[in-house]
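Please read all numbers here as calculations on a predicted model, not as lab measurements. What's counted below: heavy atoms across the whole structure, side chains too, no hydrogens, waters or symmetry copies. Order of the sequence lines fixes the chain letters, A, B, ..., with proteins taken first and strands second; residue numbering starts at 1 for each chain.
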Number of protein chains: 2
Amino acid sequence: MSESREPRARVIPEATVARLAVYLRVLTGLADAGRASVSSGELASAAGVNPAGLRKDLSYLGPCGVRGVGYAVPALRERLARALGVEQSRSCVLVGMGNLGSALAGYAGFGTRGFSFVGLLDADPARVGDVVGGTAVRPVDDLEQVVAEHGVTIAVVTTPAPVAQSVCDRLVDAGVRSIVNFAPVALQVPAGVDVRQVDLSVELQVLAFLDQQKGVQVVGEQVVLP
Amino acid sequence: MSESREPRARVIPEATVARLAVYLRVLTGLADAGRASVSSGELASAAGVNPAGLRKDLSYLGPCGVRGVGYAVPALRERLARALGVEQSRSCVLVGMGNLGSALAGYAGFGTRGFSFVGLLDADPARVGDVVGGTAVRPVDDLEQVVAEHGVTIAVVTTPAPVAQSVCDRLVDAGVRSIVNFAPVALQVPAGVDVRQVDLSVELQVLAFLDQQKGVQVVGEQVVLP
DNA sequence: CGGACTTTGTTCCTGCGTTCACAAGCGGTT
DNA sequence: AACCGCTTGTGAACGCAGGAACAAAGTCCG
């Protein structure tokens with residue numbers, strides 16, 4: 001494995017990475033449908049983005065299309081999967097088996113994208129032993145042990161807000177370097193640890209704000225109430 | 001209600017609106033703890049953002065702090081709530097009562113932020129009649145009726161991917177103008193309708209990508225494998 | 001075999017978001 | 001009453017993402 005195998009694109013913007021994951025999902029659907037090639041326009045439409053932006057995103061991986069024809073679906077799919085690191089299955093732990101945690105653990109879409117939950121943890125003894133998505137729930141005291149056993153580096157936090165920070169601290173101490181946090185608090189982590197905050201009520205509030213603004217049309221200096 | 005009541009800030013960037021919702025949540029916690037005032041530094045730390053950025057965000061609402069002192073917690077909370085439109089309760093419908101839909105419908109955090117689910121809809125007759133979060137599940141055929149009854153303009157879609165687009169079309173035809181979509185497809189909507197896409201597996205894949213890049217340190221021209 | 005059409009890859013440019021840094025203003029203190 | 005320190009609010013610069021337009025390249029057809 002020479003380090004000069006990839007001749008381009010040292011750094012890929014985070015916004016582009018997120019879109020690449022979407023492209024990969026669309027391509028998987030096209031491959032299942034038996035499609036051999038796609039144009040940037042069709043792919044962009046299915047992904048909900050601008051065609052030129054899609055081509056720029058893909059160009060970070062180096063040239064991977066054929067001019068005048070389009071992109072070969074299986075080859076592009078393979079290339080995206082390698083770039084995103086989907087080829088190797090990644091072990092994750094999920095802490096907090098409430099409604100949301102159970103929904104995530106039972107979602108089959110993660111397994112097909114290279115993620116496997118090797119540990120489902122909860123503090124409630126009544127939930128320990130339940131089997132969700134083929135994995136048994138273990139007590140949260142096993143956190144460090146599970147992380148060490150499987151070399152876990154990615155964790156999903158779906159605990160109540162008051163305990164999210166302490167769970168996060170334990171995860172980081174155990175060696176986890178990447179966390180998706182659904183609890184509505186901003187986690188404090190040392191440098192080198194990535195946190196992605198997913199806040200469901202914030203999404204709704206942004207929509208409500210845009211919705212309320214839509215109701216008020218400003219024409220010149222005059223406010224028109226429809 | 002004169003239109004010159006608010007002397008500033010005609011347009012608020014969407015990124016700022018999302019952060020304002022976070023500030024509002026932090027402020028509510030501080031108010032419950034009995035705090036009377038906060039500095040931008042403390043508030044920014046709790047929200048996980050830059051202090052200067054926080055002050056700029058708040059400045060879109062006009063001056064609302066006291067120099068040398070900080071921000072009055074109750075007053076700022078009230079101001080944010082008004083700006084985000086939390087004062088008036090907003091009626092929403094939720095389509096797709098699977099694991100994720102049930103988790104969202106049962107989440108008490110929405111109710112305290114001005115949202116009430118007036119309709120929970122599902123296509124599965126076995127789920128119809130279940131009571132989640134105090135509301136009974138109704139058949140998806142009632143969609144148009146529920147939207148019209150309550151004047152709903154906001155909808156949450158948690159259906160399986162194959163039916164998300166058709167559900168979306170029905171929602172838009174019924175008058176819904178804002179949609180949060182959890183199904184892993186890009187919804188096609190006419191102009192004037194806002195869609196916020198929440199893709200849980202994309203979040204994980206972005207983390208996995210950053211995680212895999214963290215494993216490779218590039219020093220000068222040399223690649224160092226730890 | 002050559003030309004024209006189609007589609008990619010790239011470059012430029014515009015606009016937005018974020019960050020830094022400084023001036024303005026208020027409370028506390030002497 | 002005046003000074004000093006602290007915090008807000010704002011102005012400017014930087015960097016980045018997004019979009020449009022153009023050039024390169026390959027295929028299909030005459």
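- Place A/Gly68 and B/Gly70 on DNA chain D by their nearest nucleotides, and B/Gly70 ends up nearer the 5' end.
- Contact of the A/Tyr107 side chain with the B/Asn99 side chain is not registered, since no non-hydrogen atoms from C-beta on lie closer than 4.5 Å.
- Side-chain atoms of B/Gln197 come within 3.5 Å of backbone N or O of B/Ala183 as a donor-acceptor pair.
- The residue A/Gly53 sits apart from the nucleic acid: no heavy atom pair falls under 4.0 Å.
- With no hydrogens or angles considered, no side-chain donor-acceptor pair links A/Asp194 and A/Ser178 at under 3.5 Å.
- The interatomic distance linking A/Arg55 (CZ) with D/dA24 (P) rounds to 16 Å, in whole Å.
- Here the nucleotide nearest the side chain of B/Pro13, chosen from C/dG17, C/dT8, D/dT8, is C/dG17.
- The CD1 atom of A/Ile12 sits 15 Å away from the C1' atom of D/dA17 (whole-angstrom rounding).
- If you measure from atom CG of B/Asp57 to atom C1' of C/dC16, you get 13 Å, rounded to the nearest angstrom.
- The side-chain heavy atoms of B/Leu104 and B/Phe110, taken from C-beta on, include a pair separated by under 4.5 Å.
- Judged by distance alone, with hydrogens and angles left aside, the side-chain atoms of A/Gln212 form a donor-acceptor pair with the main-chain N or O of B/Ala83 at under 3.5 Å.
- At its two ends the helix from C/dC1-D/dG30 to C/dT30-D/dA1 runs along axes set 0° apart, each axis drawn from five pairs and the angle rounded to 10°.
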Working for side-chain contact (heavy atoms from CB on, under 4.5 Å), residues A/Phe209 and B/Glu14: CA-CA 9 Å; A/Phe209 177 82; B/Glu14 196 169 306; over 6 Å; no
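- For A/Arg67 and C/dT8, a side-chain-to-base donor-acceptor distance below 3.5 Å is present, hydrogens and geometry of angles not being considered.
- Taking only distance into account, the side chain of B/Lys56 meets the base of C/dT19 through a donor-acceptor pair shorter than 3.5 Å.
- Spacing between atom CG of B/Leu54 and atom P of C/dG17 amounts to 16 Å, rounded to whole angstrom units.
- Side chain of A/Thr28 to main chain of A/Leu24: a donor-acceptor pair is present (N/O by atom type, distance under 3.5 Å, no hydrogens or angles).
- The shortest distance between the side-chain N/O atoms of B/Tyr60 and the OP1/OP2 oxygens of D/dT10 is not below 4.0 Å.
- Atom CD of B/Glu14 is separated from atom C1' of C/dT18 by 17 Å (rounded to the nearest Å).
- Within the structure, a side-chain polar atom (N or O) of B/Asn50 is placed less than 4.0 Å from OP1 or OP2 of C/dC20.
- With the nearest nucleotide of DNA chain D identified for both A/Val49 and A/Val66, A/Val49 has the one nearer the 5' end.
- For A/Leu58 and C/dT8, the CG to C1' distance is 10 Å, given to the nearest whole Å.
- Distances shorter than 4.0 Å separate some side-chain N or O of B/Arg19 from OP1 or OP2 on C/dT18.
- Here B/Ser40 reaches the OP1 or OP2 of D/dT8: one of its side-chain N or O atoms lies under 4.0 Å away.
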